[in-house]
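Hydrogens, waters and symmetry mates play no part in the numbers below; they use all other heavy atoms, side chains included. Protein chains get the first letters and strands the later ones, always in sequence-line order, with residue 1 at the start of each.
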Amino acid sequence: MTEPLLSIEKLSISFFTRLREIPAVMDFSVDVMPGEAVGLVGESGCGKSTVALGIMRDLGATGRITGGAIRFKGRDLVTLPEAELRRIRGREIAMIYQEPMASLNPAMRIERQLMEVPMIHEGASAAEARARALEVVRDVRLPDPERILRAYPHQLSGGQQQRIVIAMALMARPSLLILDEPTTALDVTVEAAVVELVKELGRKYGTSMLFISHNLGLILETCDRLCVMYSGEAVERGRVADVFTRMRHPYTQALFRSIPLPGADKTARPLRAIPGNFPLPHERPPGCNFGPRCDYFEQGRCDARPIPMAAIPGPERHETRCLRWAEIDWAAPPPDEGSRDPRPPGAPVLRVDDLRKYYEVASGPFGGRTTRVVKANETLSFEAREGETLAIVGESGCGKSTLAKVLLGLETATGGRVVLLNEEIQSTPVEARDPSTVGHLQMVFQNPFDTLNPSMSVGRQIIRALEVFGIGTPRDRRERMLRLLDLVKLPRAFADRKPRQLSGGQKQRVGIARAFAGDARVVVADEPVSALDVSVQAAVTDLLMDIQREKGTTLLFISHDLSIVRYLADRVLVMYLGHVVEIGSTDQVFAPPYHPYTEALLSAVPIADPRVEKTHIVLEGEIPSAMNPPPGCPFQTRCRWKHATPGMPCETEVPPLRTLAPGHQVKCHLPDDLLARMEPVIRLPEDTAA
Amino acid sequence: MARFILVRIATMLVTALCLTFIVFWLTNIGPNLEKIARSEAGSRISDAEVASWLERNGYAEPVLLRYAQWLGVAPGWTRQEADGTWRGRCLGPGETPEEAPAFCGVLQGDWGFSRVFRRDVSEVILRGLALTGALMGWVMLVMVPGALLVGIVAGMREGSRTDRVLSTGAILTTATPEYVSGVVFIAVFSSSAVGLRWFNGSATSAMDAITFQNFTLPVMTIALYGMGYIARMTRASMAEVMTSQYIRTARLKGVSFGAVVLRHALRNALIAPFTVIMLQFPWLLTGVVIVETLFNYKGFGWTLVEAAGNNDIDLLLAVSVVSVIVVLLTQLISDIGYALLNPRIRLS
Amino acid sequence: MEPLTWTGPLGDWLDPLLLAAAGLFGLSLVLRLLAGLVPAPAPEAVVHPDGTLGLRGGSRTTPQAWALLASRATGALVLATLAAYLVGGLLLPYGEAGIVGAMIRRFLPVWVALGATLALSFAFRRRLGLYGRIFDSPVGTTGFVLVMFWVYTAIFAGVFGWIATHDPLAAVSGMKNRPPGEPLPAATDWMAGAHYLLGGDNLARDVFSRMVMGSWTVVQIAPLATLFAFMVGITLGLPAGYRGGWLDTALSFLANLILAFPVILLFYLLVTPEVVRTGLPTWMAAAMFLAPILFVAVLLWSRFRTDPARAVPLIAAVVAAMGWVYLSFISQPGTPLDFMGRLDLFDVPPGVLVVFVAVVFVNAPTVFRIVRGLTMDIKSRDYVAAAQTRGEGPWYIMLWEILPNVRGPLIVDFCLRIGYTTILLGALGFFGLGLPPDSPDWGSTINAGRQLLSIFPHPAVVPAVALLTLVLGLNLLADGLREESLRD
């Protein structure tokens with residue numbers, strides 16, 4: 001058996017504040033073999049990034065390794081002197097982080113930042129270093145490497161910056177690469193390309209990887225083994241295939257049951273959220289950290305003493321931190337929550353007709369006279385019915401947020417019509433709308449930490465919405481507010497709390513309550529769960545669905561996450577650079593024929609189910625800027641089908657919106673026969689019943 | 001870039017016009033003119049005599065017209081006395097309107113005549129500026145490197161003992177205005193009461209020859225007050241840069257601490273203080289006025305006090321024009337320098 | 001009668017002790033600074049007997065550890081000696097503890113008030129929000145103590161007439177430029193008032209009493225003027241930042257216009273008697289002091305507009321009350337604005353209003369810029385968008401959604417700005433502008449004392465040190481507040 005490259009044994013890391021010691025990582029062990037990719041998965045605050053920084057021994061002024069060992073190539077990094085540690089950093093172990101822009105020095109040219117690595121570690125001359133930089137930049141497949149080398153970081157796009165960060169990590173050919181959420185800040189299609197690149201380069205350079213992510217699908221795509229973390233501890237460890245199909249820890253199981261995998265359905269097989277909240281680091285329960293949220297919790301046993309890791313016989317190195325793993329019937333289906341009756345959509349409540357929104361933007365950093373027209377929304381048409389969920393899907397810059405602004409009256413339309421309940425509202429700004437119209441069309445915002453006014457109590461914020469919408473009398477508004485808290489399943493005591501005393505999911509619930517204060521008929525939900533942790537996402541999504549079912553509200557669900565869209569949407573609208581490129585029912589959009597962009601998008605989304613087979617389509621290049629869109633079809637610069645059929649007017653004419661089937665429209669020039677030949681991107685195994 | 005500078009210069013001119021008009025209007029307000037009349041023609045004259053004195057000396061015309069004359073866009077006033085001699089804004093003794101130029105304002109290079117110093121305004125201003133320039137030069141030479149060094153060393157390791165000692169020192173100096181530190185310095189270093197007598201308590205002799213004895217105290221007094229402020233800005237900027245992700249990247253690349261500070265942090269950390277240093281100039285002006293008064297150094301600031309205290313209109317206007325231009329020029333330089341230091345702003 | 005020495009008989013043995021302790025303390029500080037430059041070994045983790053983990057700061061034999069120990073010990077010695085002076089001053093009979101003891105005893109009410117405030121605040125600091133957190137930071141606490149020392153001194157001296165030993169305006173012949181501790185010619189008993197504790201000034205007035213009374217002027221004007229500057233700055237800065245466009249351009253131009261004026265020139269132009277006689281500052285006051293009324297009226301209306309039955313009487317009452325105060329404020333007998341007659345609640349002393357206007361005028365543009373920047377930052381937050389989507393008016397959003405959430409940086413700046421205003425007031429006094437020349441305020445006193453500075457430094461140094469400590473206290477307080485509000 002080969003020696004592990006990196007072996008972490010019983011590592012404990014704590015942060016010391018003025019008041020107390022906060023343990024961030026406890027009794028954590030993991031091995032990384034040469035050439036192996038190990039995933040570290042968990043929700044925010046579980047300590048996975050702390051582990052990464054602990055390996056690099058860069059824990060800041062307050063963090064300390066309080067126990068255990070980190071053996072790298074046989075040497076214990078915990079006790080290594082600073083000077084030797086520096087020789088390992090960057091040379092043997094390199095790290096890639098979440099925010100590519102922030103990890104590059106803004107005032108230094110790319111080449112200097114890259115060349116620095118071999119110059120420090122190998123004493124390379126400037127010319128050698130530069131040659132190496134050029135080679136590595138080619139390796140990460142950046143166009144025009146010479147120009148890129150001379151650029152400053154801000155002159156590159158997010159995807160290019162992340163490739164540079166990867167290039168920088170690979171400059172010294174390290175034997176271990178630590179990737180901390182390397183793609184979280186990127187768009188889905190760009191993410192797919194970066195992941196593909198990392199995998200390929202890992203193979204090429206023979207680098208071992210420690211891949212940190214909250215996204216199970218991404219781990220499945222990239223890693224050989226994984227380690228699931230919960231509240232500072234590793235709870236399950238093993239080969240990816242073993243853990244994904246035969247998980248032996250209740251937390252892993254609950255996690256998988258809370259994410260929308262293909263086959264989940266909002267009416268027949270709803271998601272199961274994990275009850276309760278993530279424990280705060282200084283308020284961890286005795287015994288099993290997951291105990292209070294666990295379905296299999298046994299009092300007096302699970303909370304008696306710290307739980308050790310237990311090896312599971314059979315599969316290679318599969319371990320779990322559960323006392324009862326042998327007793328639990330892991331194959332048992334989740335307790336039936338009761339399926340719900342689908343509710344047929346009613347009459348149209350919102351109709352958008354040929355909507356256009358153009359902005360005039362001054363170009364040049366010092367505000368020159370020349371202005372440019374940015375077409376944020378171009379000829380948008382759709383309608384939404386009562387009780388229906390219409391998903392609006394697209395990546396950054398596709399114009400989905402502009403659409404929301406126009407609907408809500410924060411901007412007025414340049415052309416076209418928006419009809420809400422027989423009233424044209426496209427050119428009425430929100431101040432000019434009457435309170436009931438405003439109350440009928442409300443919004444749920446993306447960022448839970450930003451959606452509530454930090455200096456006003458929760459109840460006061462809901463009451464204010466009631467006041468503004470003219471609902472109720474000053475006397476009974478408090479009662480109405482409390483009923484709204486009931487509606488979003490929050491305790492009534494929360495009315496007097498300040499937002500900072502609430503968790504992310506709870507804040508989002510308050511945001512939902514506020515949106516429904518005026519008996520909203522249409523709610524625009526702008527990525528309402530994307531900033532929440534996986535286990536909380538399910539609960540908030542289900543809450544939205546429940547309220548919708550109860551009130552018959554129309555939901556415009558803006559998202560970039562196709563998994564969740566498939567789970568909850570009735571119809572889907574795909575946007576790209578301000579255009580609707582495809583619209584149809586969820587089944588129609590998720591099955592061929594696709595718009596080429598939808599196809600790529602579907603293929604890019606990582607799915608945490610090893611049984612699903614996926615066609616890998618990697619889009620070349622970046623999303624063009626809305627300031628400077630390509631001529632003709634907006635997608636033509638990245639379309640893989642464009643060359644399949646010569647003589648098409650893709651580069652000159654904007655395609656018309658064609659109807660392929662009743663209710664299914666596609667904005668594409670491709671001929672019918674070619675569309676008909678398209679194959680499904682995602683193939684589920686036949687036995688979906690399991 | 002050229003366009004940006006042009007816009008800024010245009011704004012500057014408008015600002016300068018507005019400000020000089022305000023100064024002109026305030027110095028030419030009724031009671032001020034009356035004071036001039038009484039000081040020129042005798043303090044016991046009657047109200048009617050005041051009025052006629054003002055009438056004869058061109059002060060009675062509308063303010064806007066006289067402002068235009070001062071600027072040099074309207075012809076200077078002329079009037080013929082009962083005895084047939086001519087008096088006028090542009091007229092020398094004994095000249096007639098035909099012999100003298102019609103316009104004589106700032107645009108023509110004529111800054112007027114100082115009533116207090118009995119000399120041409122431009123002469124007074126130039127002499128003051130030269131003296132103040134020497135003072136400011138030394139102040140900058142002491143203050144800027146010192147402040148940057150203190151700020152960088154303090155911000156390099158935020159929260160360390162060195163940081164806390166230096167930061168507290170910086171707070172102490174920002175809490176010590178020039179008239180306090182000046183008084184304390186003079187009392188300690190040059191009074192007979194304490195008896196140290198290391199330096200001169202007056203900088204009058206520095207107007208002829210600058211020596212260590214006569215210039216240390218005024219320079220230190222100004223530099224100390226500004227130093228703390230710049231040092232704190234630099235420290236904050238440095239501390240922020242040191243916690244940024246790209247410094248962590250550099251550290252985890254294996255770059256040594258010294259190289260991280262010098263190669264990666266320094267340039268980014270100096271962007272903010274540069275702006276602050278440039279914007280210090282107008283702020284230093286107040287300090288200059290105080291120090292020149294306190295140390296009896298007859299530079300620009302001292303001239304300002306003399307002009308303002310005696311309502312010497314022409315001199316006061318020239319002083320305000322110069323100080324406004326200094327303020328606006330430093331703002332312009334600070335903007336341009338910011339763009340040059342920060343590659344994110346630079347034109348692509 | 002004998003003149004007082006600085007520390008009297010008590011000092012005979014305390015002074016050498018203090019000198020030695022202070023010298024050692026300074027030496028140890030220098031050592032610590034030097035030791036800090038040497039990289040310290042990382043503190044090691046230890047397991048306590050109870051099973052918890054803790055940190056132990058390095059080993060005991062490093063130079064750092066020794067320097068730390070030395071500075072702690074000598075620092076404690078210095079503090080103990082200082083405490084001995086304090087106790088001695090309070091307990092020993094007049095004169096036994098010299099000038100220092102006599103002054104400590106004069107400040108007795110301040111010590112009592114300060115002690116009570118600190119004890120109460122410290123006991124309840126966990127329930128007092130940001131104010132309580134000041135006491136978590138040594139810097140903030142030091143600042144708070146310095147500031148409150150002067151606030152209590154000002155109140156006890158200005159309102160109750162305690163502390164000061166003599167009339168700050170009365171001259172006693174024979175005391176001109178006398179050194180500290182000089183007895184009055186007529187004094188016979190060893191009791192308070194027998195000596196000029198800090199000497200006499202060039203008009204034979206008591207320097208100590210003038211310094212104490214001078215704090216009252218500062219404490220009255222500086223916070224209030226800063227408050228008004230904030231009202232004006234906020235009322236203009238919020239719409240400029242929130243609306244943007246031409247309004248922002250115009251207001252920013254105006255702010256820059258004022259900022260481009262050298263402060264001293266502005267003061268000379270505004271505060272000279274000739275300009276004051278035209279009534280210009282009074283008119284400016286009339287315009288500027290409208291800002292708070294407008295501010296409060298808009299604040300209330302935007303909040304209660306949904307319930308006019310409650311809003312209208314409330315706003316009417318508040319505006320009427322504030323309006324009366326406002327009119328009393330601007331209406332002054334002897335200025336062009338004198339119309340209140342017997343309804344005039346109070347008169348602002350001559351000169352003070354003008355100084356007030358000038359200080360507000362100079363400070364408001366900076367506050368404007370800060371508020372504008374903060375507003376532009378906050379207005380992109382989702383909760384602002386949420387307010388917009390429910391159809392809130394712009395003023396509600398500015399005053400209830402944005403303003404409360406920028407209060408942290410504004411409070412910090414408020415402290416700093418009171419300090420800056422104090423410096424400005426001093427500068428005005430230094431140039432002899434605004435306040436009457438015999439006024440005991442610190443700026444004027446420094447101005448009067450600087451003529452003979454090289455021969456008799458005490459009349460100028462005493463108010464200079466007083467001003468320094470107050471401004472230092474405010475800066476330290478602001479620093480402590482900033483540090484605490486940035487935490488979590």
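- Within the 4.5 Å cutoff, the side chain of B:Leu148 has heavy atoms near those of the B:Leu270 side chain.
- Per-residue counts of heavy-atom pairs under 4.5 Å with chain B were compared for A:Ser103, A:Pro153, A:Gly90; the largest is that of A:Ser103.
- A salt bridge links A:Glu116 to B:Arg263: one of the charged nitrogens lies within less than 4.0 Å of a carboxylate oxygen.
- With chain B as the partner, the residue from A:Ala102, A:Ala172, A:Pro174 showing the most heavy-atom pairs under 4.5 Å is A:Ala102.
- Residue B:Gln108 places its CD atom among more than 12 non-hydrogen atoms of other residues, nucleotides or ligands, all under 6.0 Å distant.
- Ranked by non-hydrogen atom pairs under 4.5 Å with chain B, the options A:Glu82, A:Met168, A:Arg87 are led by A:Met168.
- A:Ile88 does not touch chain B: none of its heavy atoms, backbone or side chain, sits under 4.5 Å away.
- Contacts of B:Ser160 with chain A are absent, with no heavy-atom separation under 4.5 Å from either backbone or side chain.
- Classification of A:Arg150 and A:Glu146 as a salt-bridged pair holds, one side-chain N sitting under 4.0 Å from a carboxylate O.
- For A:Met171, no part lies near chain B; criterion is any non-hydrogen pair under 4.5 Å.
- At a 4.5 Å heavy-atom cutoff, the contact between B:Val255 and chain A is made by backbone and side-chain atoms alike.
- With chain B as partner, the option from A:Glu99, A:Gln113, A:Arg89, A:Arg57 having the largest number of non-hydrogen pairs under 4.5 angstrom is A:Arg89.
- Residues B:Arg232 and B:Ser167 bring no donor and acceptor atom of their side chains to less than 3.5 Å of each other.
- Taking a cutoff of 4.0 Å between a charged side-chain nitrogen and a carboxylate oxygen, B:Arg251 and A:Asp58 qualify as a salt bridge.
- Within 6.0 Å of atom OH in B:Tyr229, 12 or fewer heavy atoms from other residues, nucleotides or ligands are found, so the atom counts as exposed in its surroundings.
- Contacts between A:Leu104 and chain B at a heavy-atom distance below 4.5 Å involve the backbone alone (N, CA, C, O).
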